[in-house]
Amino acid sequence: MSKYGKEDILRLAEEEDVEFIRLQFTDIFGMLKNVAVTFSQLRKALDGRCMFDGSAIEGFVRDDESDMYLYPDLDTFEIFPWRPQQGKVARLICDVCRPNGTPFEGDPRYVLKKALNRARNMGYEFYAGPECEFFLFHLDDEGLPTTVTHEKAGYFDVGPLDFAENVRRDIVMNLEDMGFEIEASYHEMSPAQHEIDFHYNKGLATADNIVTFKMAVKSIAKRHGLHATFMPKPKEGVNGSGMHLNLSLFDQDGKNVFDDPRDIRGLGLSRTAYQFMAGIMNHIDGMALLTNPLVNSYKRLIPGYDAPVYKAWAPSAARSCVMRIPNARGANTRVELRSPDSAMNPYLTLAVILEAGLEGIEKAEEIGDPVSGNLYSLSENDRKDMGVGQIPHTLGEAVYAFERDPFVRRVLGEHIYNKYLEAKKAEWNQFRAQVTDWEIGQYLFKY
């Protein structure tokens with residue numbers, strides 16, 4: 001059941017003195033965009049009569065088919081608590097449609113909604129819970145971001161070692177004012193690195209929450225004179241930032257279908273859970289360009305920094321595996337996919353993960369045995385004997401795997417698949433053409 005109708009939103013906006021409403025959507029890379037309207041135009045916007053130029057958005061459309069319309073999801077209406085209390089600012093997350101009202105195939109939110117509908121047709125409701133990591137750095141004298149921090153805090157440290165306790169508290173309180181259920185917030189492993197976890201939710205709400213979370217964190221950090229970055233590896237020599245995803249399926253009666261106390265493996269997982277995991281593992285290489293979309297993403301995914309680099313799963317806290325099973329059972333039984341990072345587009349990533357898991361269920365796929373111990377400490381030959389491979393090492397390898405997995409193409413659709421691939425090939429080629437300081441330092445005096 002919907003929370004709001006059009007008249008509810010009009011009444012709330014008037015009662016709360018909302019003057020500006022941001023109609024938000026994302027491009028195919030997950031970058032948040034918006035068209036802002038005043039309260040006087042809100043009814044028009046709620047009726048889906050707000051048009052924008054789609055040709056101006058990277059990966060959308062050509063000039064000759066540029067007219068796009070925004071259809072607000074009424075349940076996403078929220079007032080930004082960090083903005084002025086007179087003439088407040090609110091937002092609505094929108095679906096992008098063509099002039100005739102049909103969904104635009106290049107809208108990432110539409111891709112996820114199709115995957116969720118497929119799950120419902122199979123009798124499942126998909127839930128996801130992210131673990132969001134980020135860094136807080138100083139700004140320079142011109143207000144531009146740096147990678148400078150003066151703190152030396154580590155995992156779970158408190159003030160005065162943790163300089164940003166007050167920033168995290170401000171972020172959490174603002175998010176709770178927007179309806180988030182925050183489960184935990186703390187200092188992460190690296191200096192200036194932080195994590196805030198919010199409660200799992202249905203797939204579409206989780207994707208909406210991720211883009212909202214990133215916007216809120218950046219906005220509130222700036223109020224404190226800091227820059228928040230979700231770049232996976234902004235500094236060498238320290239752990240990077242990921243976004244582990246906790247995944248589960250529930251049936252129409254509200255039962256977690258991943259839970260089974262009679263599991264013959266003794267892990268408390270159902271056959272459905274194992275099949276879902278197998279489906280994801282079958283496409284883990286092909287989806288890497290989505291879960292880890294930047295050149296920089298693969299600077300995080302290297303051994304030695306608690307990064308999940310091996311295509312294996314474990315019923316433990318094995319940091320080297322791409323997938324693990326947290327200890328909770330019953331309604332909280334879930335699979336944790338550890339490879340994604342926060343640069344991903346959550347709509348496309350969750351869509352491909354869900355579709356892969358559903359394919360595993362439909363085909364009754366089998367997953368291999370779990371691993372134990374530290375895979376980092378084993379030789380490559382030992383891992384090969386165990387049947388454990390490694391996920392793509394670079395963006396170039398991810399591009400190669402993406403092109404060779406027709407499943408990903410089918411889920412994304414031709415429009416997004418081709419636009420996304422073209423952009424990532426260009427990004428990789430631009431990076432390959434760079435001459436880095438490391439190369440100058442290593443080779444200039446030798447050759």
Side-chain angles (χ1 to χ4, degrees), residues 3-4 8-9 12-13 15-26 30-34 36 39 72-94 128-139 143 145 149 151 153 156-159 162-188 192-202 204-231 241 243 342-343 346:
K3 291 193 301 184
Y4 298 123
D8 297 323
I9 291 175
L12 276 170
E15 290 174 353
E16 293 292 334
D17 189 28
V18 172
E19 185 56 38
F20 288 93
I21 302 92
R22 299 190 182 277
L23 307 177
Q24 297 182 333
F25 60 101
T26 70
M31 302 304 294
L32 191 61
K33 310 291 183 180
N34 74 238
F39 176 76
D73 183 334
L74 304 186
D75 287 344
T76 65
F77 179 79
E78 294 288 350
I79 297 171
F80 295 154
W82 61 86
R83 296 305 299 266
Q85 293 305 296
Q86 290 185 332
K88 294 178 182 178
V89 180
R91 76 92 198 271
L92 285 157
I93 296 177
C94 300
E131 301 173 17
C132 305
E133 298 174 347
F134 57 94
F135 282 85
L136 293 173
F137 292 127
H138 291 298
L139 302 171
T149 179
E151 66 141 70
F156 300 132
D157 276 341
V158 298
D162 176 6
F163 291 177
E165 280 186 330
N166 290 340
V167 185
R168 279 204 316 276
R169 183 178 66 224
D170 197 9
I171 292 169
V172 168
M173 292 176 67
N174 276 275
L175 289 170
E176 287 186 335
D177 284 345
M178 293 182 71
F180 279 69
E181 182 180 343
I182 304 298
E183 294 188 329
S185 70
Y186 49 88
H187 198 287
E188 254 289 346
Q193 187 183 34
H194 306 271
E195 179 170 326
I196 297 177
D197 302 331
F198 46 90
H199 194 61
Y200 69 87
N201 210 327
K202 292 181 179 180
L204 186 63
T206 293
D208 289 341
N209 284 342
I210 289 171
V211 296
T212 300
F213 175 86
K214 292 168 70 174
M215 174 195 64
V217 169
K218 285 180 171 290
S219 299
I220 296 163
K222 192 170 184 180
R223 284 183 21 176
H224 287 264
L226 298 169
H227 175 69
T229 180
F230 292 89
M231 181 179 176
S241 291
M243 185 177 283
S342 300

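Small disclaimer: the values here were computed from a predicted structure and weren't measured.
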For D162, check side-chain hydrogen bond (donor to acceptor under 3.5 Å, both in side chains) against everything at least two apart and list the hits. R168
Enter the distance from E195:CD to E133:CD here, rounded to the nearest 0.5 Å. 4.5 Å
Set of salt bridge (Lys or Arg N to Asp or Glu O under 4.0 Å) partners for D197, sequence neighbours left out: none
Shortest non-hydrogen contact from V211 to P346? CG1-CG, 3.8 Å
Side chain to side chain contact (heavy atoms under 4.5 Å, CB included) partner of V172, chosen from V167, I182, I220: I182
Are P81 and M178 packed together at the side-chain level, in the sense that at least one heavy-atom pair is separated by less than 4.5 angstrom? yes
F198 versus C132: any side-chain heavy-atom pair under 4.5 Å? yes
Min side-chain heavy-atom separation F77-I79 under 4.5 Å: yes
Nearest 0.5 Å, please: how far is CG in N166 from CD1 in I171? 11.0 Å
Does the E165 side chain pair with the main chain of G159, one donor and one acceptor, at a distance under 3.5 Å? yes
Quick one: list whatever passes salt bridge (Lys or Arg N to Asp or Glu O under 4.0 Å) with E16, sequence neighbours left out. K88
State which residues pass ring pair (Phe, Tyr, Trp, His ring centres under 6.0 Å) with H187; sequence neighbours excluded, sorted by chain then number. H194
In Å and rounded to the nearest 0.5 Å, what is the CZ to CG distance from F163 to L136? 12.5 Å
Taking it one step at a time, do I9 and I21 satisfy side-chain contact (heavy atoms from CB on, under 4.5 Å)? CA-CA 11 Å; I9 291 175; I21 302 92; over 6 Å; no
Would you list the pairs meeting salt bridge (charged side-chain N to carboxylate O under 4.0 Å, His left out) in which at least one residue belongs to residues 208-227, sequence neighbours left out? R109-D208, D170-R223
Can you sort out the partners of R83 under salt bridge (Lys or Arg N to Asp or Glu O under 4.0 Å), two or more places apart, ordered by chain and number? none
Once side-chain hydrogen bond (donor to acceptor under 3.5 Å, both in side chains) is applied, do any residues pair with D157, and if so which ones, sequence neighbours excluded? none
How many angstroms lie between CD in Q193 and OG1 in T229, if you round to the nearest 0.5 Å? 11.0 Å
Parallel, tilted or perpendicular: which fits the ring planes of F213 and F134, with parallel below 30° and perpendicular above 60°? perpendicular
Applying ring pair (Phe, Tyr, Trp, His ring centres under 6.0 Å) to H138 and not counting sequence neighbours gives H150
Within the side chain of T206, is there an N or O that forms a donor-acceptor pair under 3.5 Å with the backbone of A128? yes
When you measure from the side chain of N34 to the backbone of L23, do you find a donor-acceptor pair of N or O atoms at a distance under 3.5 Å? no
Partners meeting ring pair (Phe, Tyr, Trp, His ring centres under 6.0 Å) with F137 (sequence neighbours left out): F135
If I take atom CG from residue L226 and atom CG from residue L139, how far apart are they, to the nearest 0.5 angstrom? 6.5 Å
Decide side-chain contact (heavy atoms from CB on, under 4.5 Å) for F180 and T212; before the verdict, give the C-alpha distance in whole Å, the side-chain angles of both, and the deciding distance to 0.1 Å. CA-CA 10 Å; F180 279 69; T212 300; 4.0 Å; yes
Set of ring pair (Phe, Tyr, Trp, His ring centres under 6.0 Å) partners for F80, sequence neighbours left out: W82
In this structure, CD of Q24 is separated from CG of D73 (nearest 0.5 Å) by 12.0 Å
Pairing residues for D177 by the salt bridge (Lys or Arg N to Asp or Glu O under 4.0 Å) criterion, not counting sequence neighbours: none
For T26, all residues meeting side-chain hydrogen bond (donor to acceptor under 3.5 Å, both in side chains), sequence neighbours excluded: none
